[in-house]
Structure formats: structure tokens, C-alpha cells
Amino acid sequence: MKIPSVKGTRDFYPPQMAVRNFIVDGWKAASIRNGFVEYDGPIFEYLQMYQIKSGDEIVEQLFNFEDRGGRLLAIRPEITPTLARMVNQQINALPRPIRWFSVPRLCRAERPQKGRLREFFQWNIDIIGVEDVLADAEVVYCSLDYLRSLGLSSKDVKAKISSRRLLAVILMNIGIAKDKLETLYPILDKKSKIPDETFVEMLQKEINSAQIIQTIVKLMDIHSVDNIPSMVDLNDDAQAALNELSQVFAYLEKMGVGDYCRFDMGIVRGLAYYTGMVFEVHDAVGQLRAICGGGRYDSLLSDFGGPKVTATGMGMGDCVLEILLRQKGLLTDESLKVQTLDYFIACTGAEFVDDAVALMARIRAAGLSCNYSYKTAALGKQMKQADSMNAAKCIIVGQELTQSNQLVVKDMKSGEQELVDADTFLR
RNA sequence: GUGGGAGUAGCUCAGUCGGUUAGAGCACUAGAUUGUGGAUCUAGGGGUCGGGGGUUCGAAUCCCCUCUUCCACCCCA
């Protein structure tokens, strides 16, 4: 009986594993050079943890089960609640600021589609305990630093940045009632996916004033915070929020990634818990879903029973990223090389197997990678194997050993070979 | 959860007005090549045509159900 793989999961055969490692290794390297340290938690938690942050509707979107002790558990669909729990548990002992990263394997019981599977990896970085918007800028920078290191330029990807706080005060400044905000957010968030007429129609259902709608439409089209004051009369609250976001852009400019970044009021993000800057990185064409997203969430720790501590962070999944990298041809042969070897040992007859095995052990003990063929048949076959394993060098153990105690060492790239004394080799 | 496209060898696919023993390229294995790799040539293995049911003398082909996958919605932490 053949059992298929489960819907929305992937098997990582060596070539796919090479891609995954390429992505994950890059994430870790970027985290470390940006001054983050790694953490991880369990892959399942109490179901309740996810209900706290996302409500009861979330239950049907994650994999949950009851253990033999009657505990209601869920496989983690995100790691932020775990982070909040872990930080809260040791909040007084942890030196601040907390700059942590993780690359958790996550599961969500959603219908799979392009760029979204039921099991995936997600890079998370978070800075906890820094109120300055410099931390927000750093989170954006870190994401872009990674993408840039892969060879993605500002023509390939764009960081669209906004601010929940600014959005709220601007909308109220132009005459939107506070209790209308929550119904408007999803509409603004959809703007980039729908025709302009549809956008206006949706606004008309919520807003009576044609002038206010007109102002919103205009605001949605601007891509620099500098243009906002000329379009809206700002009160002190709004001016403060604007200054804050301007500072984020100023920092990003200083960090050298200003050309990747632009203001976009259409970035709202689904989660209600964002309190300040929010951002998403998209492919420049806008054909894929977001590559990454994040923002400031100042009440998350307190939602999980901890103190009110400010935080900002970002998550980036591997699915969309891989699609983009393939589209841009950035998964090179070098990055996808499944195996490389320092040495491959070929021997020309069964009488040399003992010598070859001893040599193999000596090379491996020296910390170098080495492989050999289980068959001593045709030398050509063994050379072929050496080639397919990407061996840098091939050692031929044969008559030279009995005649003059020498090994043939062949450089597979140049094709040149030399005779080396067997006793002094690697010693 | 809703709607649409697709499923034939490990991969990419051809093959349907229903008809003999289901094909190609790539990949894999072996040989040409028993002391020299990437190339070439030759041969071979590998398929219950996604699964189940139905129509029929006869189904990869037509019908129904189901599973998987892709795409668009819902949602997106």
C-alpha cells in the first residue's frame, strides 16, 4: 500500500534540501551579522496561546489535538506567542535590548496555493525593549540586508512602509470617526489587489463624503511621507506620528537602503496588534504575495501576562522567497550543489581495497571529506562517480603503490595529476 | 470553506471520433572503455495511464465519486 505525502507538505530530497539550506543559512548569517542571537521553542504549545493573540477563529486554521492528559495543544502556526511566553518568563533576568532571531518550522491548516503551504519555514527577528524608531528601521534594514545579499536589487524588491499610528490619526484628521477605522483598514489593505473603481465603491459604502474619499484616494498614491503635509492639515498628534515615520525613512537612508523603501498607506496588515510602523517587502512587479512583513507591537508581552514592554519584529517565509529567487535566476549551481568532496579514492583492483580504506580513514580523520566506490571495476566508472560527487581531487590507488609506494593525485578541475609519496601524504 | 484547470515511467510530456502488446526526451543501470571523468553510441530496467465505481464485446480515452495538484476567491499570524 502506497501512502502519499500529506497535502501541503514537501519532501526535501537532496537537491531541494540544498535550496532550503541555502535560504536558511543566509537567514542565519544575516541575523548574526545584524547582531541577533538565536532561540527556539517547542513545536507545539497550548492551543490557548494562539487564541489569545488571534481569537477563536484561528482554531480551524491550525493543527490542534488533545494529548492523553486531556491538554488541548496545537502545532505552532507562528513563533511570536512562544517568544512572548519565553521573554515574559525571564523578563527580569534578560539583558535589554533583546535582539533574538529564530527559523522555526511552522504549520497552518490552510488551503495550499502559490507561495503558501501547510508546512514551511519562517525567519523571525525581534527587538524587544527599544522604543526608538531606530529599532523599527533596523528590522526593515535587516530584511533588506538579507535580500540584497542574495543579489536582489531595489529594482527587484520594494519595502512598503507605513504606520498604524499615523494612518489612524490621518484618517481622523480628515474626518473619519474613530469607530470607523477598523472597517476601513481591510479596504485600504486590499487597494493594491483591486481595480481603482472597486476601491472607490468599497469606500463609498462606508463613507458619505465624496471629498474625504477623494483625499484617501490621493493619499494612497503618494510614496513619500514628505507629501503628506501638503494634502492634509495635521494636528499635533498627526505631526508627531509623521515625524516618527519620517525618522524611520531617514535612518533607512543613512543605512544605505533608502532606494528600496517607500511610503505606502496601503500597508495595514491583518493583525490588530500592530501599534506603530508596519511594513511588507514585495517583488517589484507585485505578482507574488508579500516576501516578508512585520512592524511594531507594543502590547504583545502584556497580552501574554507580562509587563508592558515595547517590541518590533519581522517574519519571512521560505515559500514566496524561493519562487522569487527562481524567477530571478538567483539559485545558482554553486548554491545548489548537493555534494562536494575534497577527495575521491579510486582503486584499480581488489588487491588495493585495504590500502584505499586505510587512506580514506586517514583523510577523514584529518577533517577532509572523502568518498570512494564500493566497486573496483572500470576506472572510468570510478572517475565518473568522482565527477558526479563534485570531488576536487581524485586519488588513484594502483600499481604505483606496489612499485614505488606512491599515490596518483589528480586535480579534477585542471585534469593534471601528480605522484605523491604514500607515507608523506597529508602528514 | 467556494469556484475553475490538470493528473499517463523518477521528471517534462505525446497518445482520446473507445479497438492489437501504451510511447518519446531527460534521468537511472549496464556495455562500448579491465589505468583515467564531463562527450558520444548501444542496450536494459522502470507504468495496475492518481484511486474507486459505472457504461461497453472492449476504457488511458466516455460518465459519476474521491484523492492530489495548480490557479482565483475567503483568510493571511
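Lettering follows sequence order; numbering is per chain, from 1.
- Residue A:Asp189 contributes atom CG, which lies 8 Å from atom P of B:C76 at whole-angstrom precision.
- Nearest nucleotide to the A:Arg108 side chain, out of B:G37, B:A77, B:G1: B:A77.
- The side chain of A:Glu110 lies closest to B:A77 when the candidates are B:U36, B:C74, B:A77.
- For A:Met412, counting side-chain heavy atoms from C-beta on, the closest listed nucleotide (B:G37, B:U2, B:C75) is B:G37.
- A:Arg269 places its CZ atom 13 Å from the C1' atom of B:C75, with the value rounded to the nearest Å.
- With rounding to whole Å, A:Arg111 atom CZ is found 13 Å from B:C67 atom C1'.
- Between A:Asp40 and A:Ile79 the shortest side-chain heavy-atom distance falls below 4.5 Å.
- The side chain of A:Gln417 sits closest to B:U36 out of B:C76, B:G38, B:U36.
- Each of A:Phe101, A:Phe36, A:Trp100, A:Tyr146 was compared with A:Trp123 under the ring pair (Phe, Tyr, Trp, His ring centres under 6.0 Å) criterion, and only A:Tyr146 meets it.
- When heavy atoms are screened at a 4.0 angstrom cut-off, A:Gln382 is found touching no nucleic acid atom at all.
- Among residues at least two apart or in separate chains, salt bridge (Lys or Arg N to Asp or Glu O under 4.0 Å) pairs with a member in residues 129-143 of chain A are A:Arg99-A:Glu138, A:Asp136-A:Arg296.
- Nucleotide B:A77 holds its C1' atom 15 Å from the CZ atom of A:Phe63, rounded to whole Å.
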Pairs under 3.5 angstrom, nitrogen or oxygen only, protein versus nucleotides 27-34 of chain B, please.
{"from": "B:A30", "atom 1": "OP1", "to": "A:Lys375", "atom 2": "NZ", "distance (Å)": "2.9"}
{"from": "B:G31", "atom 1": "OP2", "to": "A:Lys381", "atom 2": "NZ", "distance (Å)": "3.0"}

